[in-house]
Number of protein chains: 2
Amino acid sequence: MGRWPGGTQERLQEAAIELFTERGYERTTVAEIATRAGLTERTFYNHFADKREVLFPGQDSFIAKVREAVGAAPAEQSPLDAVNAAFIAGSDWFDQRREAAQRRRHILDAHTDLREREWAKLAALGEAITAALRTRGIPDPAATLTAAVSVTAYQLAAARWLADPQYGTLGHHLHTSFEDLHRTARSW
Amino acid sequence: MGRWPGGTQERLQEAAIELFTERGYERTTVAEIATRAGLTERTFYNHFADKREVLFPGQDSFIAKVREAVGAAPAEQSPLDAVNAAFIAGSDWFDQRREAAQRRRHILDAHTDLREREWAKLAALGEAITAALRTRGIPDPAATLTAAVSVTAYQLAAARWLADPQYGTLGHHLHTSFEDLHRTARSW
DNA sequence: TACGGTGATTGCAGAACCTGTCATCACCGT
DNA sequence: ACGGTGATGACAGGTTCTGCAATCACCGTA
């Protein structure tokens, strides 16, 4: 058992994705993940709150970044544009991990448990954006509605990004998704 | 142990809400819920997929009703109005259960686990509406965006309905929430 | 080199969740 | 009286997750 080789979380994440794709999420135990990473089950739980969380690395810091970017946006920018810009500013990270995102999505789509966690993360993102918009002086309910619709546009962009055979950037798809949103909102 | 006294699910739900408010969600075991209802733990799991599900009675049938109502809306109605009308059509059920909804909300707010499940239900509602809108000929991404923003407006209305000291109906709050949505969308 | 502090890792026990399997029971029609 | 049906119960077992305390490697300091 190599002890302290560093990168513990990353090793656990890779081991988890490997095993999930090999045997499926439910047929993989936390103990197996830890063993493949050269660690123990207990250590897994020192790094991740539960079994699902290993599939959502960096989500919390992404949320924090978006919140910060929305708060720091120029005052003359519309709320929706501010959120859009914040998403685009953080999109490089994803473009560099397209393949990992693909595998992750396949696992997520196959298990309701995991999609539940994903929705929870998206809800947290929405609440963070709502809070940031409020500090920009946007009152409720506009803040809540704008945040929610932004998250939906973001989801849409992410889906297109993963499905795009042309390998367009996430930023590009965010741009078109928010254009679609403007167009659709005009019909409401 | 009264066997087959009828209303098994309802008894389990009431026992669960009682115990959750008395000791809290985490400090209540499924076995305790079942015992208070005069049943066994195994029977609980014959009626509910897991411990959380006991707090979401009728959600699935509500989703089915909304899907149906959206599909059956008059053709001249705009997509957003169709969803709004579908919500209002199913709002009586909630108005008759305001107090239970209050207690349920207090329990939900205190536990991330349960809010996660709630988000999952809302996501399922959104997907059902998306599907219904597509059968009405609304193409993507308009169907997805319209459904998502409708669900958000619904959440907003439900929150106001529970907080309203005047005890206004859910239908009333749905009306004003969708008006807010129209107003906000004009700024996008 | 010796020593102690710090933080990560581990072992162990145990509660609770959830499932599979099969037996048992009440009801109902014949 | 009899058999079918469906809900309930008993039991075993795996898995998830937590609390607690011990162990280990590293690092600065004397």
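Since the structure is predicted, the reported quantities are computational estimates derived from the model, not experimental observations. Naming: A, B, ... by sequence-line order, numbering from 1 per chain.
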Can you tell me which residue pairs pass the side chain to side chain donor-acceptor pair (under 3.5 Å) test with a partner in residues 83-92 of chain B, sequence neighbours excluded? none

Report, one pair per line, the protein and nucleotides 17-19 of chain C atoms (nitrogen or oxygen only) whose separation is under 3.5 Å.
residue : atom : partner : partner atom : Å
C:dC17  : OP1  : B:K51   : NZ           : 2.9
C:dC17  : OP2  : B:V30   : N            : 3.2
C:dC18  : OP2  : B:Y45   : OH           : 3.1
C:dC18  : OP2  : B:K51   : N            : 2.9

Whole-Å distance, B:R23 CZ to C:dA16 C1', equals 14 Å

Where DNA chain C forms runs of at least three Watson-Crick or G-U pairs (i with j, i+1 with j-1, under 3.5 Å), the stems are C:1-30 with D:1-30

Would you mind listing every ring pair (Phe, Tyr, Trp, His ring centres under 6.0 Å) that reaches into residues 73-105 of chain B, with sequence neighbours excluded? B:F62-B:F94, B:F87-B:Y154

Side-chain contact, heavy-atom cut-off 4.5 Å: B:L39 with B:F44? no

Of all heavy-atom pairs between A:A120 and B:W119, which one has the smallest distance, and what is that distance? CA-CE3, 3.5 Å

Return no unless some side-chain N or O of B:T8 is found under 4.0 Å from OP1 or OP2 of D:dT8. yes

Establish, with yes or no, whether the OP1 or OP2 oxygen of C:dT10 is under 4.0 angstrom from a side-chain nitrogen or oxygen of A:T43. yes

Rounded to the nearest 0.5 Å, the NE2 atom of B:H172 sits from the CD atom of B:Q166 at a distance of 8.5 Å

Are a donor atom and an acceptor atom from the side chains of A:T184 and A:S187 found within less than 3.5 Å of each other? no

Which atom pairs, donor and acceptor, lie under 3.5 Å between side-chain atoms of residues 63-76 of chain A and protein residues at least two apart or in another chain?
none

For DNA chain D, which residues in residues 14-22 of chain B have a heavy atom at a distance below 4.0 Å? none

How many Å lie between CG on A:N46 and P on D:dC20, as a whole number? 14 Å

Side chain to side chain, A:I17 and A:L55, heavy atoms closer than 4.5 Å: yes

Length of the CG-P vector between A:D113 and D:dT15, whole Å: 16 Å

Is it the case that B:S78 and B:D81 place a side-chain donor and acceptor less than 3.5 Å from each other? yes

B:R27 CZ to D:dG19 P: how many Å, rounded? 11 Å

What verdict does the side-chain hydrogen bond (donor to acceptor under 3.5 Å, both in side chains) test give for A:S177 and A:R160, after you've listed the backbone C-alpha separation in whole Å, the side-chain angles of each residue and the deciding distance to 0.1 Å? CA-CA 9 Å; A:S177 278; A:R160 287 167 168 174; 3.2 Å; yes

Quick one: is A:H47 getting a side-chain N or O under 4.0 Å of the C:dA8 phosphate, OP1 or OP2? no

Do B:D113 and B:R117 meet the salt-bridge criterion of a basic N to acidic O distance under 4.0 Å? no

